[in-house]
Number of protein chains: 2
Amino acid sequence: MSKSATHSYSRYSRAAAGLLGKLIRAARKQRRLTAQETADRAGISRGLLQRIEKGDPKCGIGAVFEVATIVGVQLFDADEAALAGHTRQAEQHLALLPKSVRRSPRAVTDDF
Amino acid sequence: MSKSATHSYSRYSRAAAGLLGKLIRAARKQRRLTAQETADRAGISRGLLQRIEKGDPKCGIGAVFEVATIVGVQLFDADEAALAGHTRQAEQHLALLPKSVRRSPRAVTDDF
DNA sequence: AATATATGGTTTATATATAGTCCATTAAGG
DNA sequence: CCTTAATGGACTATATATAAACCATATATT
């Protein structure tokens, strides 16, 4: 990593991060929370909140989710109970799948 | 910042990040993609992918979304076109809200 | 209009996330 | 079985995310 990675994300990922940021910003203003107040509640700096609302992909997902929760943007369109249920379901699904994915004789199904 | 921040996130945020990681891991295995193969496609290291699948909140949201997209986990339950539509809607909503949120001098100071 | 505050954009110092190795263990598949 | 790839977990060096303190501007509220 001697040169800067300058990693570029797909359009979809950027759009998703950008949308989440806009939803957060709109929700915050609708609740009449100042940027500083929101940042304090989330335990982050105001500058980081600005980047989150701008959709900066390099922000930690925990910080983004925390702010989203504070301003009332539901991730997964589910409350915490439903989240736990989905987690159990995902775990059960995972338990049915092979623990190691072995590369098949041929290339993988979809390549691009 | 002389001492480690050790920032703790809410249960909901941790649950959301953890669920997303589990969904990603299940989707990857179902598609029979190797961790290395997936990391390569996402342009990240295998170690970071492990942390993402474990639900580490400190992972960049762009990296998480990118991996989610690659393994077929839809954020927002929406394709790119729908995402653009929601973005437009969020922008319009935002345009209707005041640009600066002003705290009422006395009224909302103690709102609970 | 005047004033106070929220916001946007810097800069800097520091903590830490990440890549890139390594090794040990596990578990597919022949 | 046996072989070999996949995974998990360390460790280190480096890039960078973050907090904090600024300033300038915009914009609510009086």
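Chain naming here is simple, since letters A, B, ... match the order of the sequence lines and numbering starts at 1 in each.
Closest approach to the B:T34 side chain among C:dT18, C:dG9, D:dT7 is made by D:dT7 (side chain taken as heavy atoms from C-beta onward). Closest to the side chain of A:R32, out of D:dT29, D:dT7, C:dA19, is D:dT29. Of the listed nucleotides (D:dT18, C:dT7, D:dG8), C:dT7 has the atom at the smallest distance from the side chain of A:R28. Of the candidates C:dT18, D:dT18, D:dT29, the closest approach to any side-chain atom of B:R102 belongs to D:dT29.
In this structure, A:E37 atom CD and C:dT7 atom C1' are separated by 15 Å, rounded to whole Å. Atom-to-atom, CD1 of B:I44 to P of C:dT21 comes out at 16 Å; the value is rounded to the nearest Å. Regarding B:L49, its CG atom lies at a distance of 12 Å from the C1' atom of D:dA6, rounded to whole Å. One can place CG of A:L48 at 16 Å from P of D:dA21, the figure rounded to the nearest angstrom. What separates CG of B:L97 from P of C:dA6 is a distance of 17 Å, to the nearest Å. As a whole-Å value, the separation of A:D40 CG from C:dT5 C1' is 15 Å. Remark: P of C:dT7 and NZ of B:K99 are 13 Å apart, rounded to the nearest angstrom. Here D:dA19 presents its C1' atom at 13 Å from CD1 of A:I52, a figure rounded to the nearest Å.
The base of C:dT5 has none of its N or O atoms less than 3.5 Å from a complementary donor or acceptor on the side chain of B:R103. Residue side chain A:R46 reaches the base of C:dG8 through a donor-acceptor N/O pair under 3.5 Å, judged by distance alone.
Backbone-only contact: B:S100 has heavy atoms under 4.0 Å from sugar-phosphate atoms and none from a base.
Of the two residues contacting DNA chain C, namely A:A35 and B:R51, the nearest-nucleotide position lying further toward the 5' end is that of A:A35. In terms of position along DNA chain C, the nucleotide closest to A:K54 lies nearer the 5' end than the nucleotide closest to the other residue of the pair A:K54 and A:P98. Ranked by how close their nearest DNA chain D nucleotide is to the 5' end, B:K29 and B:V101 are led by B:K29.
At least one side-chain heavy atom of A:L23 sits less than 4.5 Å from a side-chain heavy atom of B:F76.
A heavy atom closer than 4.0 Å to some atom of DNA chain D occurs in A:K58, A:C59, A:G60, these being the qualifying members of residues 58-67 of chain A.
Applying side-chain contact (heavy atoms from CB on, under 4.5 Å) to B:E66 and the options A:S13, A:P57, A:S8 leaves one that passes, A:S13.
A salt bridge links B:E80 to A:R11: at least one charged side-chain nitrogen sits closer than 4.0 Å to a carboxylate oxygen. A salt bridge does not link A:K22 to A:E53: none of the charged side-chain nitrogens sits closer than 4.0 Å to a carboxylate oxygen.
With sequence neighbours left out, the side-chain hydrogen bond (donor to acceptor under 3.5 Å, both in side chains) criterion links B:T38 to no other residue.
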Check against side chain to side chain contact (heavy atoms under 4.5 Å, CB included), A:V73 and A:V67: CA-CA 8 Å; A:V73 171; A:V67 172; over 6 Å; no
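Looking at every heavy atom in both residues, A:K29 comes nearest to B:L94 through CD-CD1, 4.3 Å.
Within 6.0 Å of CD in B:E91 there are more than 12 heavy atoms belonging to other residues, nucleotides or ligands.
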